[in-house]
Structures are given as structure tokens and as C-alpha cells.
Amino acid sequence: MNALAKIATALPVLALLSACATTAPTPTVPDNMPATPSTSTPASESVTNVAYDRMMPAPYTCTDDSKILAKQSINKKQVMLNATLPKVNWSEQPIILNGGVEGDTASYVNESNPEVIYAWHMKADKGIMAMKWADGKEYQVNCQVGR
């Protein structure tokens, strides 16, 4: 693939990510979970320099009426999520996580916020979105493609 084609492929992704690159995900959480303070996200987890194909993200339907759109980078070292998680008051929250694939399981993490760690794991048509706050509180939803 020549350089012009690579640039043309990356432009839509970069434009989308640059629109939300200045803030980390900061959900409002229920009373039984600690609040997540706003912190800036390191460039490695807010702007991507990896390539993504033009295919649509995989739509996951999850427990708690949650929905996640997930799209892995071509090299499988990053995933872009668009998450709607009603229990933590997220509505179409974009987030980038770094990680990779081992065997038939993909695992990605975003640790840019010192108050909460975000994780996304995929295997076959199933996914798990998990959050763990610094005080030990946890939130997790189990997802499946489609449904």
C-alpha cells in the first residue's frame, strides 16, 4: 500500500479521535461506587497512531442494558470502544485501550486515570468490560456480539 493510501485510510480515524483527545473518560457513577476525577489522558491512550480498517465496529449487547461498539486496530495492539453503560452514566463514551492478542483472546487496558482502570477482553463473540477504582470498587458487564 502506498503512503497516500495509508494517509487516506487513517484520516477519518484521526479526525474522530482528535475530537475527543483532550479528556479522559470521566463517568458519573452511582452512589455505591467512587467518583472518577477528571485527569488528562496521555497521548498514547487518547490519540492513536495505529491503523484501523474501514470495517464497521462490532456491536456488543451487554448486561445492564449496556452497549459497546468495539474495533481493533489492524495490528491488534489497540481497540477503540464506544460504550454506553447506564450504571456508570456513560452514553456513547469513546475510549482507547492498549493491549494485544494471545491465542484466541484479546485483552486491552487503559490505565491513564490514576483513580480507575478500564479493561476490555474479547474471545470469539463474547466480551467483558470491567472497571476497577483505586479504592477497590469494581464494575463489570458481560457482552455478546449482536443479540
Side-chain angles (χ1 to χ4, degrees), residues 1-29 33 36-134 137-147:
M1 183 183 295
N2 67 33
L4 184 58
K6 288 179 184 177
I7 292 170
T9 302
L11 281 178
V13 172
L14 292 174
L16 174 66
L17 292 174
S18 66
C20 60
T22 58
T23 59
T26 53
T28 306
V29 295
M33 293 182 189
T36 305
S38 178
T39 60
S40 62
T41 304
S44 65
E45 294 182 346
S46 65
V47 178
T48 183
N49 62 356
V50 297
Y52 285 80
D53 65 30
R54 294 183 192 196
M55 300 297 290
M56 295 291 296
Y60 287 82
T61 302
C62 312
T63 54
D64 296 342
D65 294 322
S66 298
K67 296 188 184 303
I68 294 177
L69 295 174
K71 187 168 187 165
Q72 288 176 296
S73 62
I74 292 171
N75 67 5
K76 308 292 188 216
K77 293 190 183 274
Q78 211 173 61
V79 68
M80 284 193 281
L81 301 181
N82 186 310
T84 298
L85 306 172
K87 292 264 180 162
V88 292
N89 295 326
W90 274 14
S91 178
E92 298 182 12
Q93 175 68 51
I95 184 169
I96 295 174
L97 299 98
N98 295 308
V101 176
E102 188 170 317
D104 61 351
T105 303
S107 295
Y108 300 94
V109 177
N110 182 318
E111 298 176 293
S112 64
N113 185 330
E115 296 299 317
V116 63
I117 296 171
Y118 308 99
W120 173 248
H121 306 282
M122 299 183 304
K123 182 174 183 173
D125 66 344
K126 302 208 182 320
I128 297 172
M129 175 71 182
M131 297 177 188
K132 185 171 184 179
W133 282 263
K137 299 269 190 208
E138 296 181 7
Y139 172 74
Q140 175 179 311
V141 291
N142 296 312
C143 308
Q144 185 169 339
V145 172
R147 267 205 280 182

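The analysis underlying the following values was restricted to heavy atoms, covering all of them including side chains, and did not include hydrogens, waters or symmetry mates. All residue numbers refer to positions in the sequence shown, counting from 1.
- Pairing each heavy atom of Met56 with each of Lys71, the nearest pair is N-NZ, 4.5 Å.
- Interatomic distance, Met122 CE to Lys76 NZ, rounded to the nearest 0.5 Å: 7.5 Å.
- Smallest separation of non-hydrogen atoms from Pro114 and Ala134: O-CB, 4.0 Å.
- Checked against the 6.0 Å centroid threshold, Trp120 and Tyr60 count as a close aromatic pair.
- Atom CD of Gln140 sits about 10.5 Å away from atom SG of Cys62, to the nearest 0.5 Å.
- Lys77 NZ to Tyr108 OH: the interatomic distance, rounded to the nearest 0.5 Å, is 9.5 Å.
- In this structure, the side chains of Trp90 and Met129 come closer than 4.5 Å at one or more pairs of heavy atoms.
- In this structure, Thr63 contributes its side chain and Asn142 its backbone to a donor-acceptor pair below 3.5 Å.
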> Would Gln93 and Leu85 satisfy side chain to side chain contact (heavy atoms under 4.5 Å, CB included), going step by step from the backbone distance to the final call?
Replying inline: CA-CA 9 Å; Gln93 175 68 51; Leu85 306 172; over 6 Å; no
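- Counting only heavy atoms from C-beta outward, the side chains of Lys87 and Val141 never approach each other to under 4.5 Å.
- Listed here is the closest heavy atom pair of Gly103 and Val101: O-CG1, 3.5 Å.
- Glu92 and Thr84 get closest at one heavy-atom pair: N-OG1, 3.0 Å.
- The backbone N or O of His121 sits nowhere less than 3.5 Å from a side-chain atom of Ser107 that would complete a donor-acceptor pair.
- Put simply, CG on Leu81 and CD on Gln72 are 10.0 Å apart, with the number rounded to the nearest 0.5 Å.
- The only option from Val116, Ile95, Ile117, Val79 that meets the side chain to side chain contact (heavy atoms under 4.5 Å, CB included) definition with Asn110 turns out to be Ile95.
- Annotation: Asp65, atom CG; neighbour count of heavy atoms from other residues, nucleotides and ligands within 6.0 Å does not exceed 12.
- Side-chain contact check for Tyr139 versus Asp64: some heavy-atom pair is nearer than 4.5 Å.
- Here the side chains of Gln78 and Ile96 are in contact, with some heavy-atom distance below 4.5 Å.
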